[in-house]
Novice: 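Take this structure, written in structure tokens, and hold onto it; I'll ask about it next.
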Amino acid sequence: MRASDRAYSALLDDIQTGVLAPGTVLGEVEQSARLGVSRTPLRAALARLTSDGLVAQTSPRVTVVTAVDAGDIRSLFVARRALEETAVRLAAVSPRAADFADLAAAFDDVHLDREEARDDYYRLIADFDAALDTAAANDYLTAALRTVRTHLVRVRRLARDQPERLSASVAEHRLIAAAIAAGDADLAAHATHVHLHNALTSILESLDDAAPSPHRKALA
């Protein structure tokens with residue numbers, strides 16, 4: 001792997017997992033030393049992250065991790081809804097539709113009562129996304145979805161955990177996968193629409209709950 005690719009992957013992971021929080025200044029000297037690369041590949045990595053919308057150059061020498069607010073999340077979900085509803089419709093009429101029967105069964109077997117269950121569930125979602133890309137068989141759609149998913153990882157980390165929502169999400173994914181397997185494009189698209197509406201509502205509520213209350217601060 002090239003040095004610029006290594007730097008990009010490391011910075012992307014740090015941003016998505018919250019190691020580099022919104023507003024963090026990414027100094028070239030500090031990041032070059034931390035990642036063990038020279039400044040030229042680091043600049044290439046930062047340029048890619050800028051293109052992704054994950055960092056912004058506020059001056060010729062200052063690059064910061066971008067913030068994510070409710071408006072950004074709503075805009076992201078507008079794009080996600082259009083792309084994913086199209087993708088599931090294509091998948092439902094594709095020769096690979098039957099592949100989703102196994103995924104529906106896998107979602108049916110998800111149990112969130114174990115400590116590692118959440119990671120297993122997100123790995124299953126990644127498998128679902130990969131199968132969706134293959135079945136949709138549209139490189140332009142896949143590229144656009146890849147960009148959206150890059151930001152979704154970050155959004156999920158910013159929102160606090162909600163066990164009840166997670167359990168509902170499992171059932172929603174199972175319904176989407178089952179609808180695709182049955183070749184029912186309308187049901188797959190409708191189930192996707194409902195899932196994304198519920199996901200967006202939950203995320204926005206989580207952000208509201210996590211925001212500091214001026215009243216509580218005054219009482220502290």
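Quick note: numbers below take in every heavy atom, side chains included, and nothing from hydrogens, waters or symmetry partners.
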Novice: Nearest 0.5 angstrom please: H111 NE2 to D120 CG, how far?
Specialist: 11.5 Å
Novice: Got E172 and F107 here, is their nearest side-chain heavy-atom distance under 4.5 Å?
Specialist: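 A side-chain contact under 4.5 Å is absent here.
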Novice: Can you tell if the side chain of R154 reaches within under 4.5 Å of the side chain of P22, non-hydrogen atoms only?
Specialist: yes
Novice: Tell me whether V68 is reachable from I203 by hopping between hydrophobic residues (I, L, V, M, F, W, Y) whose side-chain heavy atoms are closer than 4.5 Å.
Specialist: yes
Novice: Please give the remaining members of the hydrophobic cluster of L26, linking ILVMFWY side chains under 4.5 Å, ordered by chain and number.
Specialist: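 Noted: L26 shares its cluster with Y8, L11, L12, I15, L20, L35, V37, L42, L46, L49, L54, V55, V65.
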Novice: Under a single-linkage definition using a 4.5 Å side-chain heavy-atom cutoff for Ile, Leu, Val, Met, Phe, Trp and Tyr, are L124 and L132 assigned to the same hydrophobic cluster?
Specialist: yes
Novice: Would you check if R2 and D5 make a side-chain contact, meaning some heavy-atom pair closer than 4.5 Å?
Specialist: yes
Novice: To the nearest 0.5 Å, what is the distance between OG1 on T150 and CG on L145?
Specialist: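 Between atom OG1 of T150 and atom CG of L145 there are 10.5 Å.
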Novice: Can you see which heavy atom on D184 is nearest to which on A92, and at what distance?
Specialist: C-CB, 4.1 Å
Novice: Just do the side chain to side chain contact (heavy atoms under 4.5 Å, CB included) check on T86 and L141 with the steps written out, would you?
Specialist: CA-CA 9 Å; T86 299; L141 185 62; 4.3 Å; yes
Novice: Hey, any chance L187 and V88 share a hydrophobic cluster, counting ILVMFWY side chains that come within less than 4.5 Å of each other, even indirectly?
Specialist: no
Novice: Quick one: pull up CG in L152 and CD in Q16 and give me the separation to the nearest 0.5 Å.
Specialist: 10.0 Å
Novice: Got a sec, which residues hit ring-ring contact (aromatic ring centres under 6.0 Å, His included) with H151, two or more places apart in sequence or on another chain?
Specialist: none
Novice: State, with a plain yes or no, whether a side-chain heavy atom of F100 is found less than 4.5 Å away from one of I176.
Specialist: no
